[in-house]
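All values below were derived from every heavy atom in this structure, side-chain atoms included, with hydrogens, water molecules and symmetry-related copies excluded. Small disclaimer: the values here were computed from a predicted structure and weren't measured.
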Amino acid sequence: MLADTVIELLKEEISSLEYDRYIKQLKFHEKASNSDQMVFLAPNILIANWVRTKYSDKIAHLFELKTGKKPEVKIVLKEHLKTTKTKSTPTEMIDAIKSTKNTILNPSYTFDSFVVGSSNQYAYTAAKSIAEKPGLMYNPVFIYGPTGLGKTHLIHAIGNYVQTKGKIVIYATIEQFMNDFTYNLRNQSMDRFREKYRNCDVLLIDDTQFLSNKIQTQEEFFHTFNELHSAGKQIVLTSDKPPKMINGLEDRLKSRFEWGLIADIGLPELETKIAIIKKKCELDGINLGSDIVNYIAANMGDNIREIESAIINLNAYASLMRQEITLDFAKNVMREQIKERRENISLEDIIQIIAKDLNIKPSEIKSTKRSKNIVEARRIGIYLARTLTPNSMPSLATYFGMKDHTAVSHNIKKINELIETNESFKLKVEDLKNKILTKQM
């Protein structure tokens, strides 16, 4: 069948992951298709919108290569067929599909695929609440936090959820908003711009911090915000910092951004990173042992986007090399991604970070106190100092106030025994190591 040939050609041009997640879910509807239009059925609105926006033109081009004529590609929901009268013609069936103005959203970003931990619980709960009742609970919602921790995932999840309820969603980064504004202003088509951004049920804006010092864009965004807010439409914004800390942002905008609910996403704790890696592996069909998962979580920093990229690269490399993913293999493949700048790490840095994390005084680590928590902190300090710095055992003995290098050797031996026998302790040490390395970047 021609449609099967076209899909096979598309499969060769896109990643296997995108093919399996989206294109493979489509079914060609022969009865509704003709030389002018090709109709595919999608299992849900998320996949339908994604394929329609990202691949319909490409699919049409591949049909043109095979037939010499470029058809219109239609992506229709399967569920619609169940409620469509049997006698309906293909044209009627296509026309019955509601044409929405929704912008493209990543269907992989859902509430179910978001891993919740103490660092993001509040933001997740707020996002879920307003998705269930957009415009009624908190408006606007302003989510902020460092890059790569899940802000974009959450606002896409909101958009995907409300789309399934028939709402019109507009998603854009501030850069896209500015580009649209500039283009329409230059072409004297601002009515078209306002029609897009003001006639929606939910407006999702990413990277709001880039509004800084953009005076004309801020003016237009101010009026867009007012129009939507007055109409009870939901507004969700993300940024790398809270409104009051965005320099170059007009006070009236800061004030409006603070009208509703402000939620932050903090750095994920180790357990959350482990859960995120496991979830990513589950969704992508990647099999990693717990030792590899723990290694990635403890050594890849806190940027979830970078962690996910590292997992995909690791799996791709193993597939190309026809190699089983072992811990040694993972360490070798990821050595460039795991940044270790040991030459800049001082003993003081190590002591300060351990003391803060374990809630004791830095001076106690270098003291002769023998309480259990201080002894443990001191041993970890010695171990990491030996691992992460070029200091010799005699110099470490002097620094920690010990008799000689044999005392240092004894403490390192004890730590190695605990690491080998106590998984929880091993993760604690790896997490501290990562915090020390991250501080140097």
Side-chain angles (χ1 to χ4, degrees), residues 103 105 109 111 114 116-159 161-162 167-178 180-181 193-194 196-268:
T103 46
L105 292 168
Y109 288 166
F111 289 117
F114 189 85
V116 184
S118 60
S119 60
N120 58 30
Q121 175 74 57
Y122 184 55
Y124 170 85
T125 303
K128 192 78 183 295
S129 297
I130 64 106
E132 292 169 350
K133 296 181 179 180
L136 297 178
M137 297 193 67
Y138 313 106
N139 202 16
V141 169
F142 193 101
I143 302 171
Y144 74 92
T147 300
L149 299 188
K151 300 186 299 295
T152 298
H153 187 140
L154 273 185
I155 63 170
H156 276 252
I158 293 169
Y161 185 90
V162 298
K167 303 292 186 181
I168 296 175
V169 178
I170 296 299
Y171 165 83
T173 64
I174 266 301
E175 182 180 8
Q176 290 169 335
F177 183 91
M178 288 191 293
D180 280 352
F181 171 68
F193 174 85
R194 288 165 185 151
K196 173 181 177 179
Y197 285 99
R198 299 186 188 184
N199 288 281
C200 62
D201 298 304
V202 179
L203 177 65
L204 309 171
I205 298 292
D206 226 345
D207 298 325
T208 308
Q209 71 272 10
F210 293 121
L211 267 177
S212 177
N213 297 317
K214 305 297 189 298
I215 304 303
Q216 273 191 300
T217 308
Q218 287 188 38
E219 178 73 21
E220 184 61 34
F221 192 79
F222 173 79
H223 294 299
T224 297
F225 182 101
N226 285 347
E227 186 84 14
L228 290 172
H229 195 275
S230 297
K233 306 303 183 182
Q234 183 66 54
I235 303 166
V236 186
L237 311 160
T238 74
S239 172
D240 63 359
K241 60 193 70 174
K244 63 183 178 183
M245 293 183 65
I246 301 177
N247 296 324
L249 187 66
E250 292 182 2
D251 288 341
R252 59 179 180 170
L253 276 177
K254 289 183 181 180
S255 173
R256 278 159 176 75
F257 292 169
E258 293 174 342
W259 274 356
L261 182 146
I262 299 177
D264 73 307
I265 296 182
L267 298 176

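Take Glu227 and apply the side chain to side chain contact (heavy atoms under 4.5 Å, CB included) test, not counting sequence neighbours, and it matches Arg198. Every residue two or more places apart in sequence or in another chain that forms a side chain to side chain contact (heavy atoms under 4.5 Å, CB included) with Ala127 is listed here: Phe111, Leu154, Ile158. Among residues two or more places apart in sequence or in another chain, the side chain to side chain contact (heavy atoms under 4.5 Å, CB included) test is passed with Asp240 by Gln209. Here Lys244 pairs with Glu258 under the side chain to side chain contact (heavy atoms under 4.5 Å, CB included) rule; sequence neighbours left out. In this structure Tyr144 satisfies the side-chain hydrogen bond (donor to acceptor under 3.5 Å, both in side chains) test with no other residue, sequence neighbours excluded.
Across every non-hydrogen atom of Tyr197 and Gln176, the tightest pair is OH-O, 4.0 Å. Nearest approach of Ala123 to Ala263, heavy atoms of both residues: CA-CB, 3.8 Å. Nearest heavy-atom pair across Ile130 and Met137 is CG2-CB, 4.5 Å. The minimum heavy-atom distance between Asn213 and Gln218, with the atom names listed, is N-NE2, 3.4 Å. In terms of heavy-atom proximity, Ala131 sits nearest to Val162 at O-CG1, 3.3 Å.
The distance from the NZ atom of Lys233 to the OG1 atom of Thr224 is 14.5 Å, given to the nearest 0.5 Å. Atom CD1 of residue Ile170 and atom CD1 of residue Ile205 lie 9.0 Å apart, to the nearest 0.5 angstrom. Within the model, atoms CG of Leu105 and OG1 of Thr152 stand 11.0 Å from one another, a figure rounded to the nearest 0.5 Å. Tyr109 contributes atom OH, which lies 10.5 Å from atom CD1 of Ile155 (distance to the nearest 0.5 angstrom). Note that the CG atom of Asp264 and the NZ atom of Lys241 stand 15.0 Å from one another [nearest 0.5 Å]. Atom OH of residue Tyr161 and atom NZ of residue Lys167 lie 11.5 Å apart, to the nearest 0.5 angstrom.
At least one donor-acceptor pair under 3.5 Å links the side chain of Ser212 to the backbone N or O of Asn247. Between the side chain of Lys151 and the backbone N or O of Pro146, at least one donor-acceptor pair lies under 3.5 Å.
Residues Arg256 and His229 form no side-chain contact, since every pair of their non-hydrogen atoms from C-beta on lies 4.5 Å or further apart. Contact of the Ile262 side chain with the Pro243 side chain is registered, since non-hydrogen atoms from C-beta on lie closer than 4.5 Å. Contact check for Leu228 versus Cys200: side-chain heavy atoms found under the 4.5 Å cut-off. Side-chain contact between Leu149 and Pro268: present, with at least one pair of heavy atoms (C-beta onward) separated by less than 4.5 Å. Phe222 places a side-chain heavy atom less than 4.5 Å from the side chain of Arg252. Contact check for Leu261 versus Trp259: no side-chain heavy atoms found under the 4.5 Å cut-off. Residues Leu204 and Val169 meet the side-chain proximity criterion, which asks for heavy atoms closer than 4.5 Å. A 4.5 Å side-chain heavy-atom check between Leu211 and Ile246 finds every atom pair outside the cut-off.
Side chains of Asp207 and Thr173: a donor-acceptor N/O pair is absent below 3.5 angstrom, by distance only. A donor-acceptor pair shorter than 3.5 Å can be found between the side chains of Tyr171 and Asp206.
Annotation: side chain to side chain donor-acceptor pair (under 3.5 Å) contacts involving residues 128-142, sequence neighbours excluded, comprise Asn139-Gln234.
In this structure, Phe221 and Phe225 have tilted ring planes: the angle between them lies in the 30° to 60° band.
Proximity of the aromatic rings of Phe193 and Phe177 is defined here by a centroid distance below 6.0 angstrom, and this criterion is met.
Within 6.0 Å of CD in Gln216 there are 12 or fewer heavy atoms belonging to other residues, nucleotides or ligands.
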